[in-house]
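The structure presented is a predicted model; accordingly, all values stated were derived computationally and were not measured. All values below come from the heavy atoms of this structure, side chains included, with hydrogens, waters and symmetry mates left out.
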Amino acid sequence: VKVDGDYVVEREFGNEYQYFLPRHHNYTITPEKDIDHRNGVSTFDLVLISKHVTGQQLLSSPYKMIAADVNNTGSITTFDIIELRKLILYINREFPDVNSWRFVPADYQFADPQDPFASQFPEVYSINDLSDNMNDIDFVAIKVGDVNESVRLTAGSPASTRAART
């Protein structure tokens with residue numbers, strides 16, 4: 001997680017972080033993760049994306065559609081299938097145009113859930129004039145390429161809650 005703004009103090013406690021942010025300043029919270037691009041990616045994902053592209057079976061959530069956009073163009077096309085195939089066949093070690101994970105604020109409502117690319121969705125959380133504790137900032141993590149949600153979290157690295165505190 002990256003926190004930008006005035007007077008940010010970060011403390012690390014093992015796998016958890018605390019941010020101490022003085023009140024009445026502006027901040028931007030940006031989650032970031034770019035490791036193990038192949039984790040959760042399989043030929044089954046290729047099949048599901050192909051069915052979406054041909055209209056045989058559309059992906060069932062905006063998050064799966066974001067995961068399918070492996071070339072980060074804001075659409076799902078055969079070019080995404082080609083990039084995913086290159087990754088699976090070890091031609092590429094990672095996706096060239098996008099991090100392995102993307103994050104959308106959990107409280108974000110897509111204008112059109114059937115087309116999450118119709119309008120730009122946020123990948124940061126902005127705090128304007130921080131006035132109180134904010135322990136409820138949450139994001140939906142999206143593993144790029146993994147539309148069947150088979151990603152394995154690394155053993156020994158449990159998911160942790162990261163909260164901004166004043």
Would you call [X] and [Y] a side-chain contact if the rule is heavy atoms closer than 4.5 Å?
X: K33; Y: F103; result: yes
X: F121; Y: I66; result: yes
X: R102; Y: E123; result: yes
X: F95; Y: N71; result: no
X: P116; Y: Y108; result: no
X: E83; Y: P96; result: yes
X: I142; Y: V104; result: yes
X: Y125; Y: T30; result: no

Where the side chain of [X] meets the backbone of [Y], is there a donor-acceptor pair that is under 3.5 Å apart?
X: D146; Y: V151; answer: yes
X: D112; Y: Q114; answer: yes
X: D34; Y: S100; answer: yes
X: R23; Y: L130; answer: no

Name the atoms and distances for all side-chain donor-acceptor pairs under 3.5 Å in residues 38-52, with sequence neighbours left out.
residue	atom	partner	partner atom	Å
R38	NE	L87	O	3.0
R38	NH2	N92	O	2.9
N39	OD1	R152	N	3.0
N39	ND2	R152	O	2.6
S42	OG	F44	N	3.2
S42	OG	D45	OD2	3.4
D45	OD1	V147	N	2.9
D45	OD1	N148	N	3.0
D45	OD2	S42	N	2.8
S50	OG	L46	O	2.8
H52	ND1	L59	N	2.9

Exercise. Would you check, one step at a time, whether the test side-chain contact (heavy atoms from CB on, under 4.5 Å) holds for K86 with I82?
Key: CA-CA 6 Å; K86 287 179 185 177; I82 291 167; 3.8 Å; yes
Quiz item: Linking I/L/V/M/F/W/Y whenever their side-chain heavy atoms sit closer than 4.5 Å, directly or via other members, would W101 and F117 fall into one cluster?
Solution: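 Cluster IDs for W101 and F117 differ.
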Quiz item: Do you reckon V144 sits in the same ILVMFWY cluster as I81, going by side-chain contacts under 4.5 Å, direct or chained?
Solution: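 They do share one cluster, since a chain of ILVMFWY contacts under 4.5 Å joins V144 to I81.
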Quiz item: More than 12 foreign heavy atoms under 6.0 Å from CD of Q56: is that the case here?
Solution: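 For Q56, atom CD is crowded (more than 12 foreign heavy atoms under 6.0 Å).
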Quiz item: Is the count of non-hydrogen atoms from other residues, nucleotides or ligands lying under 6.0 Å from E32 atom CD greater than 12?
Solution: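 Counting other residues, nucleotides and ligands, CD of E32 exceeds 12 neighbours.
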Exercise. For S75, enumerate each residue passing the side-chain hydrogen bond (donor to acceptor under 3.5 Å, both in side chains) test, keeping only those at least two apart in sequence or located in another chain.
Key: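 So S75 forms a side-chain hydrogen bond (donor to acceptor under 3.5 Å, both in side chains) with T73.
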Quiz prompt | Identified side chain to side chain contact (heavy atoms under 4.5 Å, CB included) partner of V53 from the options L58, T78, D80 | solution =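 In the set L58, T78, D80, the residue that makes a side chain to side chain contact (heavy atoms under 4.5 Å, CB included) with V53 is T78.
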Exercise. Quick one: do D129 and H25 satisfy side-chain contact (heavy atoms from CB on, under 4.5 Å)? Show the steps, please.
Key: CA-CA 5 Å; D129 191 27; H25 293 278; over 6 Å; no
Ignoring hydrogens, what is the shortest heavy-atom contact between [X] and [Y]? Give both atom names and the distance.
X: K64; Y: E149; result: CE-OE2, 3.7 Å
X: S126; Y: T28; result: OG-OG1, 4.2 Å
X: V98; Y: V70; result: CG1-O, 3.3 Å

Could you state the interatomic distance from [atom1] ([X]) to [atom2] ([Y]), rounded to the nearest 0.5 Å?
X: L21; Y: N26; atom1: CG; atom2: CG; answer: 11.5 Å
X: R85; Y: L89; atom1: CZ; atom2: CG; answer: 7.5 Å
X: D4; Y: I127; atom1: CG; atom2: CD1; answer: 11.5 Å
X: I76; Y: D69; atom1: CD1; atom2: CG; answer: 6.5 Å

Quiz item: Between F110 and Y63, does the ring centroid distance fall short of 6.0 Å?
Solution: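 Yes - the distance between ring centres of F110 and Y63 falls below the 6.0 Å cut-off.
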